[in-house]
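In what follows, a single structure is set out as structure tokens and then discussed.
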Amino acid sequence: MATFTIDEVKKTFSNGEIEEEILKGVNLKLKEGEITALVGPSGSGKSTILTIAAGLQRASGGEILFEGKDMTKMSQEEIRQIRATDFGFVFQSSHLVPFLTVEEQLQLMLDVAETKFNKKEQSKAIEEILELVDMNHRKDAYPSSLSGGERQRVAIARAIIHRPKVLFADEPTASLDTKRSKGVMELLQELTRTLNLTTLMVTHDEEMLPYADRIITMRDGYIVE
Amino acid sequence: MKIAWKEMKKSKAKFLILGSIIFLVSLLTFIISGLANGLSQDNAALIKDLPTGEFYLNKDANQTYNLSKIDEGMQKQILIDYPNATAFSVQMGFVNDAEDKQHSIAFVTSTESQLFPTVKEGEIILDSSLKEEGLEVGDVLTNNQFSGEFVVTGFVDQQKYSHAPVAFINMTNYQEIYRVMEMQAIFIPGKETPTLSALDSFSNKEFLNAIPSYSAEQMSLNMIVWFLVIISGMLFAIFFYMMNVQKIGLYGILKAIGMKTMSLFKMIWYQMMIITLISLALSIALSQVFSFVAPEGMPFHLTMETVLPLSAVFIIVGFIGATISGFQIKKIEPLQAIQQGEM
Ligand SMILES: Nc1ncnc2c1ncn2[C@@H]1O[C@H](COP(=O)(O)OP(=O)(O)O)[C@@H](O)[C@H]1O
Ligand SMILES: [Mg+2]
């Protein structure tokens, strides 16, 4: 079943006088429990469609249906709420909060998502997630003392601790070497299955494609399959 | 607001610097207010310590009390109509003691009243600061305009006028020294005071400001105080602005994962409150210590009545400063931060 439908989404950027159409009508259906990988040359609009779907910027045209509701018609506050509770984000760099420990990063996300956990449930949820990403032994560490791969695993933990329905990952392995990239992809695959996530991932690394359930190719603002 | 606290712990140096500047500015503010208060007490305790009421001067006096002369008939009628009213006069002058040493004083006389001590002819009651100049009860004082002698019959605390100690004398003696029959001013205590058509009326504050040097002194000191308060508000604005600029990326990410802009504001307010409260607590404590170690003769008078409202103003101004700096947070787009890609 499709939880997420992107229908004829367009995006135009205007640089002064010149209007440039970056997305020229993109159609995409994302499925639960699947990783959909977006590939294509640099500048083809992959990040743009991902961030529009994730509610981080507005489409210029088209519809984005999440659980039957059109996100393009929602207020900024409604979209924020969806981002907080239903979406998880992993970016190329981990973007952790420099002054919080691993455990505190996750606590913060639970607060932002306004989960109704009590203290005990919170620490249990954090422990479980850290177990999943194999970072329990570093839960009191600050980001500056973690390796790139460790940071990315913490970022993934942060993206799923509040049990979102959709996971957006824009080149999550771009800053890692092949071995670590594979580790992260295995993790994303496992989490997508066990937590029944709808995962949309952008990558330009061919080696990561075997982990995807579906591969969509973009070129010049179109999907070319 | 764990995140706000954690940030302060992690970047102690930055917050300590801001805290110590706020501490110093607020300490300076308290000390100057203490000085302003002390000086105003020293300048005009005689008038300041009177209850709320209305002062009346002759219309021809051009709002200057020592040019004012209240018509005797009118005064009599007013004192009958308003039993708690009092007519009084103040003039700067000198007395000489037994060793012919001159003491500068302000002669004050009044009609019978609860507000000023009652003095018999030939007697004088002095402000207690004259004890330090060696005067005692029983001493005999003279004045070259006065044919008789004054015997010191007592001392009163905190009665100063125009930076001089007050000397209360009987009306008859006063009239002889200054060769006037009329009194300068009438004071009627109370909130509901009459309008007397032939006289100009002044509130306590207006009358204080009519004392030469009083408003000049107070205005310049109070101006310094308000400048310091504004500076502290600007410090908050600038400091948080610079910190926010460094944290644009972080704020963008926090917004991207769904944090409310309001939560980011709360974070700044929380930090501002912690810094302000700690700095104020320290500077209040130290300014109280200062009032004990202040050099002898330095008029310094700082009560909680001054400190607490000023502290409240500091908090409000800090709040405004921090909030203004926060407006840029409102404008941050989460996307910008992600695309910059750091950390
Ligand atoms: N905010 C923006 N303003 C103007 N042009 C943009 C903006 N964001 C992206 N673009 C342009 O859109 C195109 C697609 O960008 P992007 O979606 O990031 O590509 P990809 O992720 O596939 O490499 C690029 O040519 C980029 O320069
Ligand atoms: Mg991209």
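Within every chain, numbering begins at 1; the chains are lettered A, B, ... in the order of the sequence lines, protein sequences first and strands thereafter.
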Give a yes or no on whether the ring-centroid distance for Phe87(A) and Phe66(A) is below 6.0 angstrom. yes

Would a distance-only check, ignoring hydrogens and angles, find a side-chain to backbone donor-acceptor pair under 3.5 Å from Lys10(A) to Gly62(A)? no

Just by modelled atom types, is the Thr306(B) backbone N or O under 3.5 Å from a matching donor or acceptor in the Asn37(B) side chain? no

Side chain to side chain donor-acceptor pair (under 3.5 Å), paired with Glu32(A), selected from Thr3(A), Thr198(A), Asn196(A), Thr192(A): Asn196(A)

Relative to chain A, which segment of Lys2(B) carries a heavy atom at a distance below 4.5 Å: side chain, backbone, both, or neither? side chain

Cut-off 4.5 Å, heavy atoms of chain B, and the answer for Leu56(A) is both

So which part of Gln92(A) gets closer than 4.5 Å to some heavy atom of chain B, the side chain, the backbone, both or neither? neither

Under 4.5 Å from any heavy atom of chain B - which part of Gln81(A): neither

Under 6.0 Å between ring centres: does that hold for Phe99(A) and Tyr142(A)? no

Report the option among Lys247(B), Lys260(B), Lys9(B), Glu333(B) that has the most heavy-atom pairs separated by less than 4.5 Å from atoms of chain A. Lys260(B)

Of the listed Gly252(B), Pro334(B), Ser263(B), Gly258(B), the one with the largest count of heavy-atom pairs under 4.5 Å with chain A is Gly258(B)

